[in-house]
Structures are given as structure tokens and as C-alpha cells.
2 protein chains.
Amino acid sequence: MPGSLQSFKAEFFKALSHPVRIKMLELLADGEKSVTELQTILGLDQSGVSQQLSVLRAKGIIVSRKNGTTVYYTVRDPLVFQLLEIARNIFNNHLIDTKDMLSQLETEKETDPALIS
Amino acid sequence: MPGSLQSFKAEFFKALSHPVRIKMLELLADGEKSVTELQTILGLDQSGVSQQLSVLRAKGIIVSRKNGTTVYYTVRDPLVFQLLEIARNIFNNHLIDTKDMLSQLETEKETDPALIS
DNA sequence: TTTTAATATTCAAATATTTTGATATGCCTT
DNA sequence: AAGGCATATCAAAATATTTGAATATTAAAA
């Protein structure tokens with residue numbers, strides 16, 4: 001049985017590893033949204049939206065509520081938002097480092113322009 | 001330019017979406033480890049370990065330090081551990097739900113065994 | 001300077017994910 | 001019941017990831 005816990009976690013992160021799905025979760029931070037609303041905001045076709053939602057649903061990250069013919073989605077566990085926020089912080093730290101790297105590269109370029117190409 | 005931020009985040013999560021890489025990060029929570037150490041603990045072949053490490057390195061999640069011929073790896077931003085901990089909590093909540101679901105299904109099964117298949 | 005140990009890279013096959021378009025289902029209105 | 005929305009599923013092509021074996025690099029030791 002070793003590694004099954006890690007596999008489960010990996011599956012969870014895999015569900016988050018798509019730009020559209022990240023965006024969806026960020027949109028759902030404001031509260032529930034219908035498929036059409038998501039579709040409009042994201043500017044994607046219906047099928048694509050539905051499919052990405054089904055990935056998140058399959059991992060239990062979002063849940064749906066049906067009203068007539070429209071389906072509303074919500075993030076099940078608010079911890080997901082904390083997770084995204086931490087990711088954002090890590091991302092910001094990383095950006096700073098990248099900026100440092102870039103400016104450093106910039107000064108190296110002044111010395112030897114060939115370094116850039 | 002819309003969505004590039006989400007893409008970046010997605011890339012980050014993608015780096016975490018592999019059982020071996022999760023396990024590596026968990027091992028690195030104790031402090032730096034060499035490739036051989038990781039290889040021994042994980043019970044994988046050298047090439048595989050090196051490859052997974054390079055994925056994490058490419059995303060800037062881990063950094064390396066070289067001493068002679070051995071390379072030591074560390075997680076760059078400790079926030080990563082917080083991230084993993086939150087993921088663990090989400091995972092636990094989810095497990096509880098799953099257990100509930102299962103036991104509920106179990107009682108339903110007593111009523112109507114056909115529900116299981 | 002040849003060998004050895006530790007790590008990294010490369011390549012190709014196997015597998016998985018994404019994307020697109022078409023089709024299906026369910027519910028509401030007329 | 002027929003038509004029209006809203007959503008979901010399916011299937012195939014395009015793309016990306018994983019895996020394993022072979023090869024390359026680098027630093028130390030002999």
C-alpha cells in the first residue's frame with residue numbers, strides 16, 4: 001500500500017493543474033455560478049466548460065445543485081481557497097526571484113550580448 | 001494576456017501532480033537530501049529520481065547545492081509545506097465524506113443490494 | 001590519466017490529457 | 001407532444017506526460 005496517499009494527493013493537484021480549472025475556482029470564490037455564467041465569463045464553448053467542471057466534480061472539489069434546467073456549482077471545501085491563496089504567495093515570491101534573475105541577466109547582457117540569444 | 005497568471009499557477013500545480021514528486025517534497029520537509037538518499041528511500045532507479053527532481057527544479061520548487069559529486073536538494077519556499085498541509089486537511093475532510101458515503105451506501109445495500117454493482 | 005561514483009540528459013514507447021465537434025438527455029414552454 | 005434551452009457525454013485527433021533503457025557529464029580517487 002505505500003504511496004497510495006501520495007497518489008491521492010497527486011490526483012488532487014492534477015485537478016488543479018489546468019488554467020481553465022484554476023480560473024473556474026477563482027470565479028467560484030465569489031459564490032456559486034451556473035454553467036452558462038462560467039461559459040460566458042470564460043469565453044469557452046459549452047462542451048469544454050462542462051468537461052472541465054466534470055474533472056473538478058470527479059475529484060470532489062466542486063458540487064452541483066440543480067434548479068430546473070440550470071446547474072449551479074460551488075466549491076465544496078473552502079480550504080481550497082486558502083490553498084489557492086498560498087499558491088498565489090508562492091507565486092509572488094517566485095516572481096520576485098525571477099525579476100532578480102532577469103535584471104541580473106540584463107547586466108550580464110551588457111557585458112556579453114551573446115548570452116541572451 | 002488574460003489567463004497567463006492562471007497558466008503559471010496551473011504549471012505549478014502540475015509539478016505537484018505526481019505521487020513521486022509529492023513524496024519527495026514530503027521527504028524534503030525534514031531538510032535537504034541527496035539524490036542517492038532519495039533514491040534509496042523511494043526505491044526508484046537513478047534516472048527516474050533525477051528526472052522527477054528536474055521537473056521540480058524546472059518550476060523553481062526545489063534548489064540544489066553541490067558538494068563534490070553529490071547534489072543536495074532543498075525546497076526553496078517553505079510555503080510549499082503549508083500548501084501540502086492544507087492539501088492534507090482537504091484530503092482528510094474528503095476522506096470523512098467518503099467514509100460517510102460508503103457507510104450510507106452500505107446501509108442502502110442492506111435495503112437493496114442491487115445498488116452496489 | 002584511467003577508473004569509479006553520483007548525477008543528468010536523451011530518446012522512444014506507452015499512457016494520459018486536452019480539444020473539438022457531434023450527439024444525447026432532461027426540463028421547461030407553448 | 002414539439003421545440004428550444006441548458007447541460008452532459010462521447011469519440012477521435014492533437015498534444016503532453018510518464019517510464020525505462022541507454023548514454024553523457026562531472027568530480028573525486030586510485
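Residue numbering restarts at 1 for every chain, and letters A, B, ... go by the order of the sequence lines.
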I need the CG-C1' distance between A:Leu56 and C:dT17, as an integer number of Å. 14 Å
Would you kindly give the CZ-to-C1' distance between A:Arg65 and D:dA6, to the nearest whole Å? 15 Å
Output yes when at least one side-chain N/O atom of A:His18 is less than 4.0 Å from OP1 or OP2 of C:dT19, else no. yes
Please report the distance, rounded to the nearest Å, between NZ in B:Lys14 and P in D:dT15. 14 Å
Which part of the nucleic acid, if any, lies within reach of B:Thr70 when heavy atoms closer than 4.0 Å are counted: base, sugar-phosphate only, or nothing? sugar-phosphate
Classify the nucleic acid contact of B:Gln51 as base, sugar-phosphate or nothing, counting any heavy atom under 4.0 Å across all strands shown. base
Across the strands shown, which category fits A:Ser54 at heavy-atom distances under 4.0 angstrom: base, sugar-phosphate, nothing? nothing
Identified side chain to side chain donor-acceptor pair (under 3.5 Å) counterpart of A:Tyr73 within the set A:Arg57, A:Glu37, A:Glu32: A:Arg57
Looking only at side-chain N and O atoms, does B:Ser50 come under 4.0 Å of OP1 or OP2 in C:dA8? yes
Between B:Gln51 and B:Ser47, a side-chain donor and acceptor under 3.5 Å: yes
Does the D:dA8 base have a donor-acceptor partner in the side chain of A:Ser47 within less than 3.5 Å? no
Strictly below 4.0 Å, N to O, side chains only: are B:Arg88 and B:Glu85 in salt-bridge contact? no
If you assign each of A:Glu11 and A:Gly68 to its closest nucleotide in DNA chain C, which residue comes earlier from the 5' end? A:Glu11
Atom-to-atom span, CD of A:Gln52 to P of D:dT7 - whole angstrom: 16 Å
Within the structure shown, what part of the strands sits under 4.0 Å from B:Gly48 by heavy-atom distance: base, sugar-phosphate, or nothing? nothing
Let me know the distance between CG of A:Asp45 and P of D:dT7, rounded to the nearest Å. 14 Å
Taking side chain as C-beta onward, heavy atoms only, is B:Leu16 less than 4.5 Å from A:Phe12? no
Taking only the side-chain nitrogens and oxygens of A:Arg57, find out if one of them lies under 4.0 Å from OP1 or OP2 of D:dT7. no
So what does B:Tyr73 hit on the nucleic acid, given a heavy-atom distance under 4.0 Å: a base, only sugar-phosphate, or nothing? sugar-phosphate
Length of the CG-C1' vector between B:Asn67 and D:dA27, whole Å: 11 Å
Provide, to the nearest angstrom, the distance between the CG atom belonging to B:Leu42 and the P atom belonging to D:dT18. 15 Å
Distance, rounded to the nearest Å, where B:Gln46 contributes CD and C:dA5 contributes P: 14 Å
A:Glu26/B:Lys9 salt bridge by N-O under 4.0 Å criterion: yes
